[in-house]
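Predicted, not measured: the structure shown is a model, and the values here were computed from it.
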Amino acid sequence: MEKTKEHTMMVGCDRGLCHQAVGRQDRQLNTYDWLADVPGNTDTTDLVEVQFKHTRKGYYHNVNNLDLKKGDIVAVEASPGHDIGVVTLTGRLVKLQLKKVNIKSPDDIKRIYRIARETDLQKCREAKAREHSTMIESRKIAKGLGLDMKIGDVEYQGDGNKAIFYYIADERVDFRQLIKDLAAAFHVRIEMKQIGARQEAGRIGGTGPCGRELCCATWMKNFSSVSTNAARFQDISLNPQKLAGMCAKLKCCLNYEVDDYVEAGKKLPPKEVLLQTMDSEYHLFKSDILAGLVTYSTDKNIAANLETITAERAKEVIEMNRRGEKPVSLQEDGRKPVEEKHNIDLAGGDISRFDKAKKKKKKKHKNNNGANGGNNGGANKQHAE
């Protein structure tokens, strides 16, 4: 059957989303390989990106020249034994990823053994099935030792010979005895890895207040520090409950647009400067930073006689005041704006329409009661006769 144009756009590599580039979308930190349909892309390097549980990724050499594609399950070299992961990236983009994670030593890049066999997958599933119970038991052991730490996740290696315990702690923890107790309880090689609150949220995942999946669980790999200055630059209310994310830290998205706000804020007039007209003085009430609009009030503390003008017009008035001149009005044409008061809801209708409907309903109900009263009265009179 001949392929249609729509079919080619969806699953082919002809000016559409290449199916080899998208791969599996159910994994965290998914990367779109936009060079997947370029001829010879995989021949440029033998490096391959492999992803394991949650957000853990590793980079390996394809020394056996396997025909690997995104989504293939492979067995890779580990210390000791082997691990099972999923190929998430091949070709030139892997080199760029290496620069981001700052891997400099060649010893950090191990080898890919083979495409995972059924026995490898079965052993990996058995190891993964023990992770939750191991985490619960390890928390009890840590609590029994009196350690001030929280074990947030446990990840078994694909061959089941090693387990990584991810923990959170505010201070330095001496877990030497803990490692001995964990090794005796689970009979595996133990590795302790400390993570922060942001990394824990990324590993667990979830939905943010914006309604989308957490950035740290989908695409964010490097965490930059976030301060309250980012909220101040954007005129966001300093409400800790609204500024905090799922990790109880400041939201990473506060940094996304702060640079644009800083650049746009440089074009606004100073906040402390008063604007003088022939009849009044105006104080800055609020600013729309990105739109370049400023609103002034005749009262310093409350909203009174508000006038909204552009930042350019505000600077013109400030320059006129410096020369000892006072404009008739803040508006460019010298006219005072006429305030039109309308009670309009978000749907674009008049709010008072609900009151009108109630009044009509009450009036109609009153008329019906009067008519019923008259009819009842006539009926009672006829019955008495």
Side-chain angles (χ1 to χ4, degrees), residues 100 198 208-212 214-216 218-247 249-348:
K100 290 184 179 180
R198 300 181 191 273
C210 59
R212 303 187 63 178
L214 298 179
C215 297
C216 53
T218 51
W219 61 270
M220 183 180 291
K221 300 178 183 179
N222 300 322
F223 297 92
S224 57
S225 60
V226 185
S227 65
T228 54
N229 288 332
R232 292 190 178 96
F233 285 133
Q234 300 174 70
D235 273 349
I236 300 176
S237 175
L238 299 179
N239 188 341
Q241 295 180 350
K242 293 185 177 181
L243 294 181
M246 302 296 290
C247 57
K249 303 292 184 180
L250 290 176
K251 295 177 183 177
C252 295
C253 55
L254 290 174
N255 282 347
Y256 293 172
E257 299 177 350
V258 66
D259 294 335
D260 293 333
Y261 275 89
V262 171
E263 291 298 322
K266 295 178 181 178
K267 301 178 183 179
L268 298 180
K271 296 181 179 181
E272 65 278 358
V273 177
L274 301 179
L275 270 61
Q276 298 177 349
T277 60
M278 291 185 177
D279 57 352
S280 182
E281 290 184 349
Y282 288 86
H283 303 266
L284 181 64
F285 182 71
K286 64 178 181 178
S287 303
D288 190 338
I289 301 176
L290 296 182
L293 299 176
V294 285
T295 302
Y296 285 89
S297 170
T298 55
D299 192 286
K300 185 177 182 180
N301 300 318
I302 62 174
N305 303 319
L306 296 180
E307 290 197 30
T308 301
I309 58 176
T310 62
E312 290 77 9
R313 174 57 181 173
K315 291 183 179 180
E316 290 178 5
V317 175
I318 293 174
E319 188 62 29
M320 293 175 65
N321 294 157
R322 288 177 180 175
R323 296 196 303 262
E325 302 176 4
K326 295 182 180 180
V328 178
S329 172
L330 292 183
Q331 304 299 325
E332 294 183 5
D333 54 4
R335 300 178 184 177
K336 293 186 177 181
V338 179
E339 296 184 1
E340 297 181 1
K341 296 183 179 180
H342 296 286
N343 295 326
I344 300 176
D345 61 353
L346 295 177

Minimum side-chain heavy-atom gap [X]-[Y] below 4.5 Å:
{"X": "F223", "Y": "C247", "answer": "no"}
{"X": "P269", "Y": "V317", "answer": "no"}
{"X": "L330", "Y": "R313", "answer": "no"}
{"X": "I309", "Y": "L293", "answer": "no"}
{"X": "Q234", "Y": "I289", "answer": "no"}
{"X": "L274", "Y": "H283", "answer": "yes"}
{"X": "N321", "Y": "V273", "answer": "no"}

- [ ] Using side chain to side chain contact (heavy atoms under 4.5 Å, CB included) as the criterion, list what pairs up with E263, not counting sequence neighbours.
- [x] K266
Task: Expected output: side-chain T295 to main-chain F285 donor-acceptor under 3.5 Å - done: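 Answer holds: no.
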Task: Salt bridge present between E319 and R322 (N-O < 4.0 angstrom) - done: yes
Task: Under 3.5 Å side-chain donor-acceptor pair for S297 and D299 - done: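 The answer is no; no qualifying pair exists.
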TODO: Identify, with sequence neighbours excluded, every residue that meets side chain to side chain donor-acceptor pair (under 3.5 Å) alongside E281.
DONE: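 Here the qualifying residues are Q276.
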